[in-house]
Amino acid sequence: MRIVITGGAGCLGSNLTEHFLTVGHDVLVIDNFATGHRGSLPSAHPRMSLIEGSVADRAAVHAAFRDFLPTPVIHSAASYKNPADWLEDARTNVEGTINVIATAKKVGAKRIINFHTALGYGRPEVVPIPVTAPMRPFTSYGISKQAGENYLALSGLPFVSLRLANVTGPRLAIGPIPTFYKRLKAAQKCLCSRTVRDFVDMEDFLMIVDLAMADSAPTGIFNVSTGTGHTMKEIFDIVVDHLGVAPAKPVDEVDPGPDDVPAVVLDPSYTTASFRWKPRYGFRETMLRMLAWYDMHGVTAIYSHLQRPSGADTSGLAAPR
Ligand SMILES: NC(=O)c1ccc[n+]([C@@H]2O[C@H](COP(=O)([O-])OP(=O)(O)OC[C@H]3O[C@@H](n4cnc5c(N)ncnc54)[C@H](O)[C@@H]3O)[C@@H](O)[C@H]2O)c1
């Protein structure tokens, strides 16, 4: 296959690139390196090309697609790193998504695979959240990503939008796991927000993307999760145990900030029924696999799409994605 991956230098994009190159596909990455890194991609590979640019630049997207002629397009580019920068979120997540859709249509791409955030559900009434739950995003990231998914649904192109739990695997640089790992290793103070999240291992994520890319695969919107929720404190305890550190006093727990949600756990039952996809890794094994990766490679920059809760010193806060 000839696969365009927007945001291909990011965490998910670079894992997908590596995976597709390994199984023999051709990959074109488009990335502006806002949160991704050139070093996450192979320095040179005969079946990979890289365009440094923004999906918000329609001419650049068009030129790239026209020359490469992708069969599936994987839309992984997203803006979230500055929650106050609504314009950049709108440029990338709305305008950029419209550009990707319009260009994919123009060059005859067979389908688009999109990644959406569980924050599209806003503050859910029911947890685990069924894929039919109402979408009520209330952050710039959530609102703009929701608009992108809505335009995709409007496009008439075959599409699969995967609403993702926290995908955990190589180069993860957001959320509680890298935060706790980095700070505990440096003997820095940590804080846990009183929140619950679900996690899914990178291998299980790659499996659902493979299934979703097949021409005959179902289309539509699907939750990707194990369906089980875990607290930040549970993660903190696993990291403490793994590193063999002994914090001087019990970790402080704080209420979620105003733009955070206490519990986000996705119900994957429709995805399981549609694709016969079932995660192979449970929570503890997923955490330990992640920590083993940090032992080998370390933690890079850590991003968040959340504002810090006001008040106390929150420099050590590990907030969920
Ligand atoms: N990783 C997860 O657990 C998770 C959870 C929910 C949703 N998602 C979604 O999955 C996708 C990938 O997330 P990720 O974790 O790999 O994040 P990431 O930040 O590692 O990757 C996003 C990539 O997009 C690039 N990018 C940003 N703006 C761009 C632009 N205008 N043009 C081109 N490239 C641009 C960044 O440089 C980065 O390489 C995103 O759409 C995100 O919303 C991920």
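Along the sequence shown, residues are numbered consecutively beginning with 1. Quick caveat: nothing in here was measured; it's all calculated off a predicted structure. In listed order, ligands and their atoms are each counted from 1.
Here's the thing with E88: none of its N/O atoms is less than 3.5 angstrom from an N/O atom of ligand 1. Residue contacts with ligand 1: T92 is placed with a nitrogen or oxygen under 3.5 Å of a nitrogen or oxygen of the ligand (distance criterion only). Looking at L164 next to ligand 1, no N or O pair under 3.5 Å apart turns up. Some N or O of S54 is nearer than 3.5 Å to an N or O of ligand 1, by distance alone.
For the residues S76, A34, G7, the heavy atom positioned nearest atom 40 (C) of ligand 1 is part of S76. The closest heavy-atom contact to atom 29 (C) of ligand 1, among the options N32, L12, T97, comes from N32. Of all the listed residues (F115, Y80, Y141), Y141 holds the heavy atom that lies closest to atom 42 (C) of ligand 1. With atom 21 (O) of ligand 1 as the reference point, the heavy atom nearest to it among A56, G10, G175, S79 is part of G10.
Close contacts between ligand 1 and A165 involve ligand atoms 3 (O), 5 (C) [criterion: under 4.0 Å to a heavy atom]. Each of the atoms 3 (O) of ligand 1 lies under 4.0 Å from some heavy atom of N166. Listed by atom number, the atoms of ligand 1 under 4.0 Å from H116 heavy atoms are 6 (C), 7 (C). Taking every non-hydrogen atom of K145 and a distance limit under 4.0 Å, the qualifying atoms of ligand 1 come out as 40 (C), 41 (O), 42 (C), 43 (O). Short contacts between ligand 1 and F33, defined as distances under 4.0 Å to a heavy atom of the residue, involve ligand atoms 37 (O). Close contacts of ligand 1 with V167, meaning ligand atoms under 4.0 Å from a residue heavy atom, involve 2 (C), 3 (O). Residue G53 has at least one heavy-atom neighbour below 4.0 Å for each of these atoms of ligand 1: 32 (N), 33 (C). Short contacts between ligand 1 and G36, defined as distances under 4.0 Å to a heavy atom of the residue, involve ligand atoms 36 (C), 37 (O), 38 (C), 39 (O).
Summarising the local packing, OH of Y270 is surrounded by 12 or fewer heavy atoms from other residues, nucleotides or ligands at distances under 6.0 Å. Annotation for W277: atom CH2 counts as buried by contact number, over 12 foreign heavy atoms lying within 6.0 Å.
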* **Derivation and outcome, side chain to side chain contact (heavy atoms under 4.5 Å, CB included), residues T226 and F199** => CA-CA 7 Å; T226 56; F199 297 83; over 6 Å; no
* After noting the C-alpha distance and the side-chain angles of T271 and N223, does the key distance pass the side chain to side chain donor-acceptor pair (under 3.5 Å) rule? -> CA-CA 6 Å; T271 315; N223 284 339; over 6 Å; no
* To do: May I have the step-by-step check of salt bridge (charged side-chain N to carboxylate O under 4.0 Å, His left out) for E88 and K81, ending in yes or no?
  => CA-CA 10 Å; E88 184 49 38; K81 72 176 177 181; over 6 Å; no
* To do: Apply the test ring-ring contact (aromatic ring centres under 6.0 Å, His included) to residues F236 and Y181: give CA-CA distance (whole Å), side-chain angles for both, the deciding distance (0.1 Å), then the verdict.
  => CA-CA 9 Å; F236 178 82; Y181 184 95; over 10 Å; no
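Distances shorter than 4.0 angstrom do not occur between any heavy atom of A173 and any atom of ligand 1. At least one heavy atom of V55 sits closer than 4.0 Å to an atom of ligand 1. For the ligand labelled ligand 1, residue R171 lies outside the 4.0 Å heavy-atom shell. G96 does not count as a contact of ligand 1, since none of its heavy atoms falls under 4.0 Å from the ligand.
Using a 4.0 Å cut-off between charged side-chain N and carboxylate O, R197 and E234 make no salt bridge. For R58 and E95, the salt-bridge test fails: no basic side-chain N is under 4.0 Å from an acidic carboxylate O. E149 and R163 are joined by a salt bridge, as a carboxylate oxygen and a charged side-chain nitrogen come within less than 4.0 angstrom of each other. Checked for salt-bridge contact, D201 and R289 meet the test: a charged N lies under 4.0 Å from a carboxylate O.
Residues passing the side chain to side chain donor-acceptor pair (under 3.5 Å) test with T17, sequence neighbours excluded: none.
If you look at F205 and F115, their ring centroids are closer than 6.0 Å.
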